[in-house]
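A short write-up of the structure that comes next.
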Amino acid sequence: MLSRSVFEIEEFMMQHVPGQNQGKITLYALSTCGWCEKTKKFLDNLGAEYSYVYVDLLQSDQKQAAVNEVRRWNPRCSFPTVVINDEVCVVGYNEQEIKKAIGI
Amino acid sequence: MRKMRVAKEDVLKLYQRLNDEAEASGYHLNPDIEFTKELIRGLLTNEQRYGYWACPCRLASGAREEDLDIVCPCDYRDHDLTEYDQCYCALYVSEKVVRGEKTTGSIPERRGTTQEKAKAGSSSKAISELSFPVWRCRVCGYLCARETPPEICPICKARRERFEKFI
Ligand code: SF4
């Protein structure tokens with residue numbers, strides 16, 4: 001376990017949703033949060049391939065790994081946080097910003 | 001951590017209670033009832049997990065002491081209602097939203113921006129002439145002059161631990 005990088009731990013926690021390839025889309029969400037749910041529904045309706053994780057449902061060390069990852073993009077570590085192509089981060093439920101970031 | 005099961009009736013019951021309490025004290029729940037009920041389900045889920053109503057839209061630490069400012073209603077609700085016409089989750093909204101003059105959305109996270117400031121500003125000034133200390137509800141700002149804060153804030157129903165010494 002110790003030899004695994006943070007990135008690998010991340011991959012292992014993620015749920016993958018199949019769909020059209022619009023680049024790499026990762027959603028960090030909470031299972032109890034209304035805006036996270038809206039963001040997830042938006043991605044579902046878009047039909048895009050994406051990965052998501054409910055950070056609140058993770059075990060403590062995985063949770064910490066996910067929090068560290070979110071913090072890299074969004075220091076306040078708020079949810080939802082969407083990371084697109086390991087490049088752009090959209091904080092909060094924001095359809096326009098997500099569309100812009102994936103170029104549609 | 002597994003996903004919790006919360007009974008539909010419990011969600012409905014709490015919805016009705018919170019709605020009654022809100023309306024009785026000048027607050028409003030989000031009129032988008034389905035959205036609101038999901039947040040209330042989140043509150044009940046967090047009660048099962050942590051033993052308290054951690055904000056459904058924030059990651060709780062699981063330690064009540066650390067999360068006290070985000071126990072619903074959180075310390076940030078009223079400030080956000082004033083500035084954005086809704087709380088962070090949009091469980092509570094302003095009259096404008098109820099009247100349909102404003103829509104809800106994601107708003108910036110206030111936690112961590114004002115917390116330090118609020119703490120710094122809360123050091124009580126010594127006014128030795130007062131016969132009673134003045135207590136301030138950190139949730140809604142209600143002030144009362146008495147030996148100890150009330151068990152429950154008569155305005156917003158926050159518990160005693162949410163009060164700070166104001167003067
Ligand atoms: S009042 Fe605060 S704790 Fe409660 S739902 Fe709204 S943002 Fe979350």
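Just the heavy atoms: all of them, side chains too, but no hydrogens, waters or symmetry mates, feed the values below. Quick note on labels: first sequence line is chain A, next is B, and so on, each numbered from 1.
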Show me the donor-acceptor pairs, under 3.5 Å and distance only, between side chains in residues 95-103 of chain B and residues at least two apart or in other chains.
from, atom 1, to, atom 2, distance (Å)
E95(B), OE2, R99(B), NH1, 3.3
R99(B), NE, E101(B), OE2, 2.9
R99(B), NH2, E101(B), OE1, 3.4

Contacts table for residues 151-161 of chain B: side-chain donor-acceptor under 3.5 angstrom, sequence neighbours left out:
from, atom 1, to, atom 2, distance (Å)
K157(B), NZ, P154(B), O, 3.2
R160(B), NE, P149(B), O, 3.0
R160(B), NH2, P149(B), O, 3.4
E161(B), OE2, R64(B), NH2, 2.1

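The residue among C57(B), G42(B), C55(B) with the most heavy atom pairs within less than 4.5 Å of chain A is C57(B).
Ring orientation note: the planes of Y93(A) and W35(A) are close to parallel, at an angle under 30° on the 30°/60° scale. Between Y52(A) and Y50(A), the ring-plane angle classifies as tilted under the 30° and 60° cut-offs.
Heavy atoms of R41(B) lying under 4.5 Å from chain A are absent altogether. In this structure, no portion of T36(B) lies under 4.5 Å from any heavy atom of chain A.
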